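A quick write-up on the structure given underneath.
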Amino acid sequence: MSDQVAHFIGGVPVAEGEVFAGHDPVTGREVRRIHEADRSVVDRAVAAARSALPGWSGLPVAERAAWMRRLADAIEERFEDLVAAEIADTGKSITQTRTLDIPRGAANFRSFAEIAAQRPEDAFHLTDVVSYTVRRPLGVVAVIVPWNLPFLLATWKIGPALVAGNTVVVKPSEHTPGSMAVLAGIAASIGLPPGVLNVVNGFGPGSTGQFLVEHPGVDAVTFTGESRTGSAIMKSVADRVKPVSFELGGKNAGVVFADADLEAAVEGGVRSVFTNGGQVCLCTERLYVERPVFGEFVARLAGRARELTFGRPRDEHTTMMPMISAEHRDKVLSYYALAKEEGAEIHAGGGVPSFGDDRDGGYYVEPTVLTGLPPGSRVNREEIFGPVCHVAPFDSEAEAVALANDSEYGLAATVWTSSLSRAHRVAQSLQAGLVWVNTWYLRDLRTPFGGVKLSGIGREGGTHSLDFYSEPTTITIKL
Ligand code: NAD
């Protein structure tokens, strides 16, 4: 794989702009040189998307859906190249990359192709009036995505945007440009019309990301990332009143009742707290456990946290990955220190693992289980985005719901119980866009995805994505 990452504009690679370094999170070594798109490169990318728009949006939806299926097929053919690019950027384990990140990318194109191709237009008839709606694309859509699930999250937005007839300019995270560079090559190799998919690399504020969202040729912004970045982007696009779809941060709660299958709840806790090094927006950082099983739950979760393995990404038994960058590792460690200052009891982790090899230069932190902090502590309120959770006891269903809802965020929640009625009751009381019962991160791509409060604006998924990436026009005819 090339260690130089170019932009992709109008169907060809463009290696222009200042160059910055990308680092391997496993060792901290520099592994890439990435070009930063300045205003003139962003201008060219937006112009390429704009000139491709009439042709692309003029295609019948069935033809655009066929392109999406071709992209999905080509992703599967280049599967191992995408796996390698994603691992090089993130240090995530090969097992997860092969089973989650890359297959979901192909599924994102395929499922939106099926949904869009089968979607009927609305039509309403009165005796002497017929009204119907046509949906038209928004135009050029800026796709801004983070580093934690680079391929999965970018394709989740590119697929529906393209099938709805938009053209896109994608800005991956500065930390993880690799898999979008491979996707650009795939698009060129299957002959996707030039300008339909463009990729520009660079940073956020005062750089490529800001230039892109502010650009007058960009009609809408779809963004996944931190809540405060969403707020900055909203200010940037306010004057032009551009539509935004925001998937933002979380401080997700899990509620474990004493009647739950404890083994399943512990295993679910391990997955929901430590998957991807805790760097998934859906990860649980606050667990509330009914008092009779609290002690046993904490002991078992801490025991399982200590068993997680820090192998190399390509070792299939590896279950813990590094943080994405030195800066993010330091942020997570600052919360470990803060937890101690705030008086937490540490049941597992709390520090940095030591390897005695080149991984000591990488960005690892220990999976950590905390108890003993009040609901108002910063550790319980702020998104840490690392392999850490705080566990607190509760005594009643009402208390559990109140504790779980006591957050500025509202992305996802989990409920563990064997009572059917309690499962429904509690799930419906939780202020979150997604609630999983006796499972975590089980996704049906047709269902709405998104958060409430600081966790986002709007929903994507299935027809909800197609609604965002298109505008209806209602046509009413007097017969
Ligand atoms: P981030 O907000 O720092 O960056 C995300 C992207 O925005 C990057 O590409 C960055 O370069 C760009 N950016 C930053 N400032 C910008 C600006 N002013 N204008 C335009 N672009 C700008 O987020 P991150 O650290 O990369 O990702 C972690 C965050 O993402 C966490 O808060 C996590 O919860 C959130 N997240 C949310 C979801 C979800 O679906 N709700 C999914 C994954 C991650």
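Every number for a ligand or one of its atoms is a count from 1 in the order of the listing. Being a predicted model, the structure only gives us computed values, none of them experimental.
- Taking Arg228 as the reference, Glu226 meet the side chain to side chain contact (heavy atoms under 4.5 Å, CB included) condition, with sequence neighbours excluded.
- Just one residue in the list Thr176, Asp24, Asp3, Asp89 forms a side-chain hydrogen bond (donor to acceptor under 3.5 Å, both in side chains) with Arg32, and that residue is Asp89.
- Using a 30° and 60° split on the angle between ring planes, Trp147 and His175 fall in the perpendicular class, above 60°.
- With 3.5 Å as the limit, one finds no donor-acceptor pair spanning the side chains of Glu408 and Ser227.
- Annotation: ligand 1 has protein neighbours Ile144, Val145, Pro146, Trp147, Asn148, Leu153, Lys171, Pro172, Ser173, Glu174, Phe203, Gly204, Pro205, Gly209, Gln210, Phe223, Thr224, Gly225, Glu226, Thr229, Ile233, Glu247, Leu248, Gly249, Gly250, Cys281, Glu383, Phe385, Leu411, Phe449, each with a heavy atom less than 4.0 angstrom from the ligand.
- Counting only heavy atoms from C-beta outward, the side chains of Asn276 and Leu100 never approach each other to under 4.5 Å.
- Between Glu327 and Tyr363, the side chains place no donor N or O within less than 3.5 Å of an acceptor N or O (distance only, hydrogens not considered).
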